[in-house]
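Below, chains carry the letters A, B, ... as their sequence lines are ordered, and counting in each starts from 1. Here the structure is a predicted model, which means the values were calculated and not measured. Hydrogens, waters and symmetry mates are skipped; everything else that's a heavy atom, side chains included, is used.
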There are 2 protein chains.
Amino acid sequence: MQVTSKEQGALVVADVLEIIGGKWRGLILAKLCDGPKRFNELKLDLKKVTSSTLTKELRHLEELKMIERAVIQESPIIVEYRMTTHGSSIKQLIYQIIEWGLEHRKKVIGEK
Amino acid sequence: MQVTSKEQGALVVADVLEIIGGKWRGLILAKLCDGPKRFNELKLDLKKVTSSTLTKELRHLEELKMIERAVIQESPIIVEYRMTTHGSSIKQLIYQIIEWGLEHRKKVIGEK
DNA sequence: CAGGATCCATATGGATACTG
DNA sequence: CAGTATCCATATGGATCCTG
């Protein structure tokens, strides 16, 4: 199997990196794989992210139709973020990433 | 399966993004999946990357033990970059990324 | 051919403070 | 609780020119 045979492979990779790349987007998706989360839950989980950054990243993922924002209750407002049906399809990919990452840790990072 | 159950999943995802993230690294790896490439081959394939940027990215991947640099001939020097044994293990992951990316294109990008 | 050197543009994310 | 607004730091990658 040739990855880039159609001269498209690399472009497709770039597409996907647009989604899971960056400092937080992949992490947010990983968290949401386990179920819906509220804004502040995410904020606590992703230690050290600021409100403004988190908001930006969530908006980005929304635009890509990966996640959706649902207002659960008003005043005090409660918002829940969850994967869209389409977004859920990335779960398997995230599992693969984690799996490979664990192997990589053993082989490379462990050697340091 | 809970992705982030051990509070490690997200961290692992971050590790992997360190490798395939960024504007070029994933693309370079994708190209090298198909076999060794010379510096200028990569430069031509990855249209619009400059020498200095390509060099930086290659060095980065070398440090991570994903690829290796081999001098094939001197004067005029010819250099070949190829996946290390360890680096090759990421091929499957790249296939997954491309596969998912193609689906994503159909569903989201196609709708634009 | 395969870079190194230098300087520079922009994108990304962060700090801090404030709000419905 | 879940943001917004404003301003700012840094990382990333790029332009251009040079070299063994």
Practice prompt. Carefully, step by step, assess V49(B) and I28(B) under the rule side chain to side chain contact (heavy atoms under 4.5 Å, CB included).
Written response: CA-CA 11 Å; V49(B) 72; I28(B) 293 171; over 6 Å; no

Item to complete: For Q96(B) and Q92(A), run side chain to side chain contact (heavy atoms under 4.5 Å, CB included): C-alpha distance rounded to whole Å, both residues' side-chain angles, the deciding distance at 0.1 Å, then the answer.
Response: CA-CA 9 Å; Q96(B) 303 280 339; Q92(A) 279 307 316; 5.9 Å; no

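Using a 4.5 Å cut-off on side-chain heavy atoms (C-beta onward), K37(A) and K43(A) make no contact. You'll find the side chain of V16(A) stays beyond 4.5 Å of the side chain of H104(B), heavy atoms only. For the pair H86(B) and E103(A), the minimum side-chain heavy-atom distance is 4.5 Å or more. Annotation: side chain of L32(B) is not in contact with side chain of L61(B) (no heavy-atom distance under 4.5 Å). Residues T84(B) and K107(A) have side chains not in contact (no heavy-atom distance under 4.5 Å, counting atoms from C-beta outward). A 4.5 Å side-chain heavy-atom check between L42(B) and L58(B) finds at least one atom pair inside the cut-off.
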Could you list all N or O pairs between the protein and nucleotides 13-16 of chain C that sit under 3.5 Å apart?
{"residue": "dG13(C)", "atom": "OP1", "partner": "K23(A)", "partner atom": "N", "Å": "2.7"}
{"residue": "dG13(C)", "atom": "OP2", "partner": "E57(A)", "partner atom": "OE2", "Å": "2.7"}
{"residue": "dG14(C)", "atom": "OP1", "partner": "K23(A)", "partner atom": "NZ", "Å": "3.4"}
{"residue": "dG14(C)", "atom": "OP2", "partner": "W24(A)", "partner atom": "NE1", "Å": "3.0"}
{"residue": "dG14(C)", "atom": "OP2", "partner": "T53(A)", "partner atom": "OG1", "Å": "3.0"}
{"residue": "dA15(C)", "atom": "N6", "partner": "S52(A)", "partner atom": "OG", "Å": "3.3"}

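Residue I78(A) is classed as a sugar-phosphate contact, given heavy-atom separations below 4.0 Å to backbone atoms only.
Whole-Å rounding puts the K43(B) NZ to dA2(C) P distance at 11 Å. A straight line from CG of N40(A) to C1' of dG3(D) spans 9 Å, rounded to a whole angstrom. Rounded to an integer number of Å, the gap from K37(B) NZ to dC1(C) C1' is 17 Å. For D45(A) and dA2(D), the CG to P distance is 13 Å, given to the nearest whole Å. As rounded to whole Å, 16 Å separates atom C1' of dG3(C) from atom CG of L46(B). Between L17(B) atom CG and dT12(C) atom P the separation is 14 Å, expressed in whole Å. Across the protein-nucleic acid pair, E62(A) atom CD and dA2(D) atom P stand 14 Å apart, rounded to whole Å.
Look at R59(A) and you won't find any side-chain N or O under 4.0 angstrom from OP1 or OP2 of dA2(D). At dC1(D), none of the side-chain N or O atoms of Y81(A) fall inside 4.0 Å of OP1 or OP2 (strictly under the cut-off).
Heavy-atom distances under 4.0 Å link DNA chain D to R69(A) of residues 67-75 of chain A, given in residue order.
The CG atom of L27(B) sits 7.0 Å away from the CG atom of L17(A) when rounded to the nearest 0.5 Å.
Proximity note for I77(A) (side chain, C-beta onward) versus dC1(C), dA2(D), dG3(C): the nearest is dA2(D).
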